[in-house]
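Every number for a ligand or one of its atoms is a count from 1 in the order of the listing. Residue numbers count from 1 along this sequence.
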Amino acid sequence: MISIPDRRLCVGRFALALDRPLIMGVLNVTSDSFSDGGRFLDAAQAIEHGRRMVEEGADILDIGGESTRPGAAESSVQEEADRVLPVIEALRTMDVPISVDTRKPQLMYQALAAGADMINDIEALRAPGAMSAVAASRCALCLMHMQGDPKTMQQAPQYQDVLAEVRSFLRERVSACETAGIARDRLVVDPGFGFGKTLQHNLVLLRGLPQLSADGIPVVAGLSRKSMLGRITGRGVDERLAGSIAAAMLAVDRGASIVRVHDVAATRDALLVREAVLNRDDRA
Ligand code: 9MG
């Protein structure tokens with residue numbers, strides 16, 4: 001029998017087995033997040049929602065204090081810190097890794113000091129000082145591809161070959177991390193659906209996900225409630241659950257190790273059904 005070594009992702013206090021797809025629950029603590037309209041701006045509500053997502057089956061919580069929806073303006077470090085730090089501190093007692101979605105090195109330091117286990121950076125640690133903010137810690141890092149900046153990225157995204165360009169960008173960022181002394185078992189990569197991409201670019205990337213995962217670093221796919229699903233289905237942001245579930249399953253089928261989602265319970269159910277069919281679990 002050939003034994004396959006257990007693949008694990010080192011995420012701060014945790015080592016997560018990658019023998020099944022993991023669910024990263026989105027917790028936006030922002031006033032204008034495009035997909036949940038600022039419902040969790042209040043820290044108490046955000047904490048309550050984070051707890052609920054863990055009960056529903058989230059493997060990681062991703063807390064964000066800055067909206068990154070297309071057209072969004074940047075927030076200050078102070079605003080972001082005021083939003084996320086109390087939520088990190090409260091949710092750190094739950095038995096799941098806490099990820100913080102930020103591109104600001106100063107906030108990375110503060111989030112790690114407050115107990116975050118992972119940094120999810122839409123700029124893939126390109127900001128001056130970002131690499132040194134995280135290198136010496138044990139946190140995991142999500143390196144995401146984005147063309148341009150949230151404010152302008154959807155104005156005219158352009159690629160010669162979107163899949164090749166995203167792949168080579170992610171490889172370069174992985175190697176920059178390795179040069180900074182960050183071990184590969186702390187890294188995940190993300191093609192950044194909707195970040196400087198047209199619907200067509202997103203579809204090419206989703207089809208090409210097996211090529212990204214072939215590079216051996218776990219792939220994160222964030223498709224939940226995104227406008228590409230609205231473009232396909234004609235549905236508003238609150239009506240994209242079915243599209244989000246379909247997209248998450250398609251991503252997992254194409255090698256995604258982690259799906260970043262708003263609807264944890266429904267995603268978990270869909271993954272369990274998929275797993276039962278694929279594993280031929282006929283115990284019933
Ligand atoms: C913050 N954020 C919004 N969408 C995202 C996505 O698709 N991936 C990651 N890693 N972060 C995202």
Side-chain angles (χ1 to χ4, degrees), residues 9 11 22-30 32-38 40 58-72 74-75 80 83-84 97-104 107-108 111 116-127 130 134 139-151 153-154 157 162 166 169-170 173-174 186-197 199 201-203 205-206 209 212-213 217-230 237 240 243-244 247-248 250-252 254 256-263 267:
L9 178 66
V11 195
L22 301 179
I23 299 175
M24 176 187 251
V26 178
L27 186 51
N28 288 320
V29 198
T30 57
D32 68 341
S33 168
F34 98 105
S35 49
D36 41 31
F40 308 116
D59 299 291
I60 303 171
L61 290 178
D62 189 35
I63 304 169
E66 176 185 58
S67 173
T68 52
R69 70 179 169 77
E74 213 173 312
S75 50
E80 224 179 303
R83 290 173 187 160
V84 301
I98 302 297
S99 164
V100 175
D101 150 25
T102 186
R103 49 188 169 144
K104 298 190 180 70
L107 194 78
M108 292 175 191
D117 301 288
M118 178 167 185
I119 299 293
N120 170 26
D121 183 2
I122 62 166
E123 289 186 7
L125 304 178
R126 284 177 292 157
V134 298
C139 72
L141 298 156
C142 179
L143 306 170
M144 199 195 80
H145 176 273
M146 167 170 67
Q147 187 181 80
D149 185 83
K151 203 158 188 196
M153 65 192 179
Q154 288 308 103
V162 66
V166 168
F169 170 86
L170 294 175
R173 295 317 295 155
V174 167
R186 288 173 56 195
L187 301 177
V188 296
V189 292
D190 184 329
F193 292 104
F195 283 83
K197 281 125 192 152
L199 171 60
H201 295 141
N202 289 319
L203 292 174
L205 286 171
L206 184 48
L209 226 47
L212 296 184
S213 51
I217 303 287
V219 171
V220 176
L223 292 143
S224 178
R225 300 186 189 174
K226 287 213 168 150
S227 63
M228 65 177 279
L229 305 176
V237 72
R240 296 181 190 156
S244 300
L250 288 161
V252 167
R254 283 157 185 74
S257 296
I258 302 176
V259 284
R260 184 179 181 277
V261 304
H262 299 84
D263 301 288
T267 306

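- Scored by the salt bridge (Lys or Arg N to Asp or Glu O under 4.0 Å) test, Arg173 finds no partners at all (sequence neighbours excluded).
- For Lys104, the side-chain hydrogen bond (donor to acceptor under 3.5 Å, both in side chains) test picks out Glu66, Glu80, with sequence neighbours left out.
- The contact shell of ligand 1, taken as protein residues with any non-hydrogen atom closer than 4.0 angstrom, comprises Thr68, Asp101, Asn120, Ile122, Cys142, Met144, Asp190, Phe195, Gly222, Lys226, Arg260.
- Looking at Asp263 and Arg240, no side-chain N of the basic residue comes within less than 4.0 Å of a carboxylate O on the acidic one, giving no salt bridge.
- Qualifying side chain to side chain contact (heavy atoms under 4.5 Å, CB included) partners for Leu22, counting only residues two or more places apart in sequence or in other chains: Leu16, Leu18, Arg20, Asp59, Ile258.
- A side-chain donor-acceptor contact under 3.5 Å links Ser224 to the backbone of His262.
- In terms of modelled atom types and a separation under 3.5 Å, the side chain of Arg186 and the main chain of Cys139 share a donor-acceptor contact.
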